[in-house]
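What follows is one structure encoded as structure tokens, with my remarks underneath.
Each chain gets a letter, A, B and so on, in the order the sequences are listed, and its residues count up from 1.
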There are 2 protein chains.
Amino acid sequence: MHRVSRETDDAFEAMATRPVTLPAVILAAGRGERLVPNEASSAKPLTRLLGLTLLERAILTAREAEITRFFVVLGYRREEIAPRVVEWGQSYGVDITVVENCSWREGNGTSVLAYADLLDANFLLLMCDHLFDADALACFLNASGEEAACHLLVDPRIDEVFDPEDATRVRTKEGRIRAIGKGLEPYNGIDTGIFRCTPAVFSALKQAQAAGDGSLTGGIRLLAAEGKVRAVVLPDPFWLDVDTHDALRHGRRLLLKRAIKTGEDGVVARWFNRPISLRLSAWLLEHKALPWATPNVLSFLSFFIVACGGVLFASGGYLAGLIAGILTQSGSILDGCDGETARLAFRTSRFGAWFDTLLDRYGDAAIAIGVTIGYWQERPSEWVWIGGILALLGFILASYTKKEYALHYRAPFRSGLMAKLIKRDFRLFGIFVGAVIGHPYLALLALGALSHVGIVWLFAKRYVGERRASS
Amino acid sequence: MHRVSRETDDAFEAMATRPVTLPAVILAAGRGERLVPNEASSAKPLTRLLGLTLLERAILTAREAEITRFFVVLGYRREEIAPRVVEWGQSYGVDITVVENCSWREGNGTSVLAYADLLDANFLLLMCDHLFDADALACFLNASGEEAACHLLVDPRIDEVFDPEDATRVRTKEGRIRAIGKGLEPYNGIDTGIFRCTPAVFSALKQAQAAGDGSLTGGIRLLAAEGKVRAVVLPDPFWLDVDTHDALRHGRRLLLKRAIKTGEDGVVARWFNRPISLRLSAWLLEHKALPWATPNVLSFLSFFIVACGGVLFASGGYLAGLIAGILTQSGSILDGCDGETARLAFRTSRFGAWFDTLLDRYGDAAIAIGVTIGYWQERPSEWVWIGGILALLGFILASYTKKEYALHYRAPFRSGLMAKLIKRDFRLFGIFVGAVIGHPYLALLALGALSHVGIVWLFAKRYVGERRASS
């Protein structure tokens, strides 16, 4: 499934009419010897990180920021890389031109000049070995301000940068870059490797090259000396220059951490489910063990496992109940993987999110019905059914209440403890615990009651808040 | 409950910091002899329309467009009107200054000049006897464009205007008013009585007054002759100058029609429930028969009636079922009144909408559980319970699916027939029909099955749509 734009009401109509955006030039010509010591390893742009190559990640992140036209400059081992790049253009639905740079040994400025021969227009400049955030890039692309030959996205958090020795430092004053270089002192920012350039950059690079400096920094330095480079401050602390194996491991940790929406997770999800589901997601992506396991298939699999739990609960007895409880909790853990793999592999979709949330509700229903049938076989009373129905109603309306809140107030409900206790992770964990101690129906009733109390609590809290605000 | 702004994420924070908006000057000094033939009737600004006076409607509509500062110019019978206006300022949380115009007999231009003595700044000018739309007003206030001494909101639909003989006509060219007056020929627009003025209007009015014309139109005509009045086109066809009893009746019809969101109504709601609920809402507002019947109380009452239906269904037997069915359908009809009265009385609130939707779901649950218990007494089998649970699940998830769609796609699901058949109005009507023919449980199962099929249908339709769009 293709990713669709998050902002427009109807992305399909919008795609047909959307304005031509800046093309992105991605530099992928260098040797990268710190990461790739010899020819036996993958070329640096093809180094894999959570299932995707570094170069793919750069392209897909930029695509999330609405970039659709790419120029990928290749040099070292270009015969090996070029066919892959062409393939990606088709499979990711973007327009990619491969640019060959035979002079790549003379510095990365030559790669920009290789592109200069093709197009004499403004462009976005990215490095193939940098991880960055699509929203930060979109912000940078839309940042208005004074004209300049070049805009550079600068990270002001100089103490937090990974591998500070190798970072390119900048000194800014009144929004302009005054000096740039490795080892620069004093400095107040780090070059993130993301540039918005006008063709003025080309002549500066040629000038630097003629003076013996073939690096991109050499050209930028000449423009900076004339006050022609503006600094734009990076809004999000996430970015990483992946030059070493340490950096690669650090990038993996950062990406996994960003694959979950921490603010939305319940207590059980955060401390128990996520540590397992993230490892599983990473395994799925890195080993491509189950190529059919798309996010939507994972959503369905999670539902199926929970539904099997429901069927086993219905059969009654402690052992069946215990296995059912384990299945329920396993399904709950697996329920994290669809979103995680979708975000890590740039496969999120509105349809997928919509589909997942409905399957979750059907899964909850399967558990509530199964547990009720199981208990009814022990004690055949109509009250068992009424209790089960009310519990199920609580489960579904707890979700419904929060979704309706988001629709009417155009913002998610600010999570308190009560809002977290009526989330699905806690609910399914409670059923699991109930199964372990041999009382799943009791757990169902308790969780159902908690859900109804939680709904009343959410309304009361908001009602008091509105009364206070209007008085 | 106070109305809160629709646009901001957190209206309470926004209220503290929102920018000072234009003050509105409302002209309410004239005699209005066509509507108020003698002193025995209410003064024109105090003429009631669906429970609110015309002047209150003008103030509250402008408040919806974020106007919070008002100057109400009174003349004829001002001793009677002024105390009411002061009262409204407090109860509606807006800032109102009463301006006295002793020269009101000389024309409505004198009323604007009475305000001129207080404040020499830009202002919005409204007529107390005009009905208009808050969104259209907000649009007009935000319309940018060339500077002018005065902007006038003009209705280009000259053939659709009510009471065309009495309307003030305008002739516009290149966005500027060239001529204005009753009986003007040729003409291409109608003056809606909504102006955005600069103090330049004051001197024009004085000049017209000196020449013997004390009307607002007289002053505007002088500015128009110099090309200083810009025309802004009315986006919404709704507005009405209420000068006669016919116009008052027409305005009542228009307001009632606008109190329902036609696009969202199901088949039963549109053709059966609304004609009744609108009459009931009008009665409630006009007679102030049940002053405690606020929109939230009506939401609760509707739920309570439906829940009583559920209890009666549970008791079993045809007669109880029939009464339960009638209660169910009555609750469904009454469920329209909360939104209608809220919109007609400017009492809509996000909290109310959120509260109502949850009560609807609890009401659905009461019916499903009651019908199931009733049938189980006839045929005590676990399958009766399972059928009832699945039907309830279908009812709630049909709503849930559409709400989740709106959240993820940021637009309501485009209604087809299937989307309408899984709405609450159809569901409750089906239960009513089932009760009449003596088979409410059968109706419950059929409606539950229809809901699940409808959910699958919505997903399939969207899935096919996305596939087609991406190929």
To the nearest 0.5 Å, what is the distance between [atom1] ([X]) and [atom2] ([Y])?
X: B:Arg410; Y: A:Arg410; atom1: CZ; atom2: CZ; answer: 10.0 Å
X: B:Glu382; Y: A:Thr372; atom1: CD; atom2: OG1; answer: 13.0 Å
X: B:Thr357; Y: A:Lys403; atom1: OG1; atom2: NZ; answer: 13.5 Å
X: A:Ile369; Y: B:Leu393; atom1: CD1; atom2: CG; answer: 6.0 Å

Answer yes or no: does atom OH of B:Tyr362 have more than 12 heavy-atom neighbours from other residues, nucleotides or ligands under 6.0 Å?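 Yes, enclosed.
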Please classify the contact of [X] with chain B as side chain, backbone, both or neither, using a heavy-atom distance under 4.5 Å.
X: A:Ser399; result: both
X: A:Leu397; result: both
X: A:Leu407; result: both

Name the orientation class of the two ring planes belonging to [X] and [Y] (parallel below 30°, tilted from 30 to 60°, perpendicular beyond 60°).
X: B:Tyr463; Y: A:Phe351; answer: tilted
X: A:Phe459; Y: B:Phe355; answer: perpendicular
X: B:Trp354; Y: A:Phe413; answer: tilted

Residue, of A:Ile389, A:Ile396, A:Ile455, A:Leu392, that accumulates the most heavy atom pairs under 4.5 Å with chain B: A:Ile389
B:Trp385 (side chain) donor-acceptor with A:Val384 (main chain) under 3.5 angstrom: no
Closest contact, heavy atoms only, B:His408 versus A:Arg350: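 What the structure gives for the nearest pair is O-CD, 3.1 Å.
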Determine whether B:Glu404 and A:Tyr400 satisfy the following criterion, side-chain contact (heavy atoms from CB on, under 4.5 Å), listing intermediate values before the conclusion. CA-CA 9 Å; B:Glu404 276 285 342; A:Tyr400 189 86; over 6 Å; no
